[in-house]
Visitor: 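Quick one: structure below, then a few questions.
These values consider heavy atoms only, across backbone and side chains, with no hydrogens, waters or symmetry-generated copies. Chain identifiers are assigned alphabetically (A, B, ...) following the order of the sequence lines, protein sequences preceding nucleic acid strands; residue numbering begins at 1 within each chain.
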2 protein chains.
Amino acid sequence: MATRTELPLRPSGPVVCCAPMAGGVLEAEDAGQLARAFKALGDPTRVRLLSLIATAEGGEACICNLTEPVGLSQPTVSHHMKLLVDAGLLTREQRGKWAYYTVVPAMFDQLSDALRLTR
Amino acid sequence: MATRTELPLRPSGPVVCCAPMAGGVLEAEDAGQLARAFKALGDPTRVRLLSLIATAEGGEACICNLTEPVGLSQPTVSHHMKLLVDAGLLTREQRGKWAYYTVVPAMFDQLSDALRLTR
DNA sequence: TCGATGCATCGACAGACGTCAATCAAAGGG
DNA sequence: CCCTTTGATTGACGTCTGTCGATGCATCGA
């Protein structure tokens with residue numbers, strides 16, 4: 001395809017996402033991929049959850065560590081976490097009774113690059 | 001803690017977005033600022049519009065240049081453009097009959113930085 | 001002055017979203 | 001084995017969002 005002036009899409013990347021944004025005009029599919037990820041970031045609660053996890057000891061946190069800080073019910077927090085995992089921003093690992101969540105740096109890198117207008 | 005892995009925001013940007021976030025977890029207000037901007041990016045049509053403008057001749061475009069590429073009605077395109085302007089991602093300038101839209105690089109820089117986990 | 005053009009606004013509507021209480025499922029501990 | 005703990009799922013709710021057609025408001029050309 002002719003589109004590839006910037007915000008390149010790594011076909012071989014570990015994470016499936018994103019070919020933006022100032023290069024050729026983004027086609028519908030690429031725009032959809034990007035928008036899906038950004039939509040997950042478009043809620044203040046989810047931004048706080050990500051911030052909490054990223055700054056937590058060991059870079060991980062379980063639901064029980066997150067419910068109180070954000071001041072929402074446990075089902076709501078679980079709901080947001082699922083969205084973040086589905087968006088590829090977090091990974092989930094079950095250890096015993098607890099579910100530990102960790103950020104996916106590669107995804108953040110890709111999104112960060114997607115917003116860079118200059119090469 | 002020692003390594004500052006967080007979702008930071010540059011407080012010194014020329015664009016009004018996002019208060020300085022003192023050291024650790026993002027507070028509610030800061031998270032809200034960030035989320036507002038990302039929410040504007042959370043729609044495929046808006047991502048395409050931004051891409052179209054960023055790659056356009058002279059870095060600007062009017063509604064009439066955007067309606068056909070995205071395949072939506074003029075009112076809908078105007079609606080999206082207003083959201084993008086309100087989010088600080090675009091500026092609008094009326095010249096004669098036409099309204100020209102341009103991207104705001106500083107805002108993209110800020111958001112890009114906010115997604116960087118490593119300092 | 002009149003008609004055409006470019007956009008914004010309005011009103012409406014279907015679908016998506018954020019939230020909660022209630023419930024369910026699995027893992028540990030006694 | 002129960003009973004507690006942790007977290008996911010379900011069902012319901014009010015609100016927000018994306019889209020359109022119709023309309024209003026400037027600006028320009030004739």
Visitor: Give a yes or no on whether the backbone of B:Ala40 and the side-chain of B:Arg46 come within a donor-acceptor separation of less than 3.5 Å.
Guide: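 Such a contact is found between B:Arg46 side chain and B:Ala40 backbone.
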Visitor: For B:His79, which contact category applies under a 4.0 Å heavy-atom criterion: base, sugar-phosphate, or nothing?
Guide: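 Result for B:His79 = base.
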Visitor: Hey, where on DNA chain C does chain B first and last touch, going 5' to 3'? Cut-off is any atom under 4.0 Å from a heavy atom.
Guide: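 Terminal contacting nucleotides, 5' to 3': C:dT5 to C:dT9.
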Visitor: With the side chain of B:Pro75 defined as its heavy atoms from C-beta on, choose the nearest nucleotide among D:dG18, D:dG21, D:dT9.
Guide: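 Minimum distance to the B:Pro75 side chain belongs to D:dG21.
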Visitor: Could you check whether A:Arg95 pairs with A:Glu60 (Lys NZ or Arg NE/NH1/NH2 to Asp/Glu carboxylate O, under 4.0 Å)?
Guide: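 Answer for the salt bridge query: yes.
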Visitor: Atom CG of A:Leu66 and atom OG1 of A:Thr45: how far apart are they, to the nearest 0.5 Å?
Guide: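 One finds 11.5 Å between CG of A:Leu66 and OG1 of A:Thr45.
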Visitor: Pick the closest DNA chain C nucleotide for A:Lys39 and for B:Ser78 by heavy atoms, then say which residue is nearer the 5' end.
Guide: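 This one resolves to B:Ser78.
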Visitor: NA contact type, B:Tyr100, heavy-atom cut-off 4.0 Å: base, sugar-phosphate, or nothing?
Guide: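 Since no nucleic acid heavy atom lies under 4.0 Å of B:Tyr100, the category is nothing.
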Visitor: Using a 3.5 Å distance criterion without hydrogens, assess whether the side chain of A:Thr67 forms a donor-acceptor pair with backbone atoms of A:Ile63.
Guide: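 Judged by distance alone, yes, a pair lies under 3.5 Å.
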Visitor: Reckon B:Leu66 touches a base, only the sugar-phosphate, or nothing at all at heavy-atom distances under 4.0 Å?
Guide: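 Answer is nothing: B:Leu66 stays at 4.0 Å or more from every strand.
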Visitor: Can you name the nearest heavy-atom pair linking B:Leu89 to B:Phe108, along with the distance?
Guide: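 Taking every non-hydrogen atom into account, O-CE1, 3.7 Å.
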Visitor: Would you please confirm or rule out a distance under 4.0 Å between OP1 or OP2 of D:dC20 and any side-chain N or O of B:Thr76?
Guide: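 Checking D:dC20 against B:Thr76, a side-chain N or O does come within under 4.0 Å of OP1 or OP2.
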Visitor: By the 4.0 Å heavy-atom rule, please label A:Arg95 as base, sugar-phosphate, or nothing.
Guide: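 Contact class for A:Arg95: none.
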